[in-house]
Amino acid sequence: ALVALEAVADRQMFEFQTEKYRRIAAGEPAGPYARGFIETGLWAYSRHPNYFCEVTLWWVFYLFSVPATGRWLNWTIWGAVFLTGLFL
């Protein structure tokens, strides 16, 4: 589900940016694209839903590793920690 949500968020952003630049190139009024950033779809709930899904996915990988290894602290936590650090 997280990969699907990330793909949906990326697609929504692609469509928004494509239409925004098409309007600019055609000299049309920007309309809802005037603010410069998307505020609909998943983007209405989070400023960066694609990044949220990516970071959450890495934390889920870590949580799956806990019962697999039998340890709360194992090497897979580093992926989640470092990726989270990139976005903080």
Side-chain angles (χ1 to χ4, degrees):
L2 289 169
V3 173
L5 286 173
E6 184 177 359
V8 167
D10 286 339
R11 183 64 186 183
Q12 289 173 349
M13 178 58 78
F14 176 78
E15 289 173 359
F16 177 85
Q17 293 296 333
T18 301
E19 178 62 15
K20 180 177 80 173
Y21 285 108
R22 186 199 68 76
R23 287 180 180 216
I24 291 170
E28 296 177 7
Y33 303 92
R35 291 197 61 190
F37 54 89
I38 188 170
E39 298 177 307
T40 59
L42 293 174
W43 300 85
Y45 302 102
S46 172
R47 181 66 188 247
H48 297 287
N50 51 347
Y51 296 154
F52 173 78
C53 291
E54 180 72 23
V55 170
T56 304
L57 182 68
W58 281 91
W59 281 104
V60 169
F61 287 156
Y62 162 69
L63 290 174
F64 276 127
S65 76
V66 171
T69 63
R71 299 177 145 180
W72 276 102
L73 291 176
N74 61 68
W75 67 271
T76 61
I77 197 170
W78 292 114
V81 167
F82 286 135
L83 192 62
T84 300
L86 285 173
F87 293 107
L88 291 180

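Quick note: numbers below take in every heavy atom, side chains included, and nothing from hydrogens, waters or symmetry partners.
Atom CZ of Phe61 is separated from atom OG1 of Thr56 by 11.5 Å, given to the nearest 0.5 angstrom. To the nearest 0.5 Å, the span separating CG on Asn50 from CG on Leu2 amounts to 12.5 Å.
Taken together through direct or relayed side-chain contacts under 4.5 Å among Ile, Leu, Val, Met, Phe, Trp and Tyr, Tyr33 and Phe37 form parts of separate hydrophobic clusters. One hydrophobic cluster, built from ILVMFWY side chains closer than 4.5 Å, holds both Trp58 and Trp72. Residues Phe52 and Phe14 do not share a hydrophobic cluster, clusters being chains of Ile/Leu/Val/Met/Phe/Trp/Tyr side chains in contact below 4.5 Å. Cluster annotation: Leu5 is not connected to Leu63 through the hydrophobic network of ILVMFWY side chains, with a link wherever side-chain heavy atoms come within less than 4.5 Å. Both Ile77 and Val55 are assigned to one and the same hydrophobic cluster, defined by single-linkage of ILVMFWY side chains at heavy-atom distances under 4.5 Å.
Summarising the geometry of Pro67 relative to Phe64, their closest heavy-atom pair is CD-O, 3.3 Å, with the distance given to 0.1 Å.
Residue-environment remark: OH (Tyr51) stays at or below the threshold of 12 foreign heavy atoms within 6.0 Å. In the displayed structure, Tyr45 atom OH is contacted under 6.0 Å by at most 12 heavy atoms of other residues, nucleotides or ligands. A 6.0 Å sphere centred on CG of Leu86 holds more than 12 heavy atoms belonging to other residues, nucleotides or ligands.
Checked against salt bridge (charged side-chain N to carboxylate O under 4.0 Å, His left out), Glu19 has the following partners two or more places apart in sequence or in another chain: Arg22, Arg23. With sequence neighbours left out, Arg47 forms a salt bridge (charged side-chain N to carboxylate O under 4.0 Å, His left out) with no residue at all. For Gln17, the side-chain contact (heavy atoms from CB on, under 4.5 Å) partners are Met13, Lys20, Tyr21, not counting sequence neighbours.
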Criterion side-chain contact (heavy atoms from CB on, under 4.5 Å) on Asn74 and Tyr62, from CA distance to verdict: CA-CA 8 Å; Asn74 61 68; Tyr62 162 69; 4.1 Å; yes

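Using the six-membered ring where Trp is involved, His48 and Trp43 have ring planes that are perpendicular, over 60° apart on the 30 and 60° scheme.
Residues Val81 and Trp59 have side chains in contact (heavy-atom distance under 4.5 Å, counting atoms from C-beta outward). Looking only at side-chain heavy atoms (C-beta outward), Gln12 and Thr40 stay at 4.5 Å or farther from each other.
No donor-acceptor contact under 3.5 angstrom links the side chains of Ser65 and Trp75, judged on distance only.
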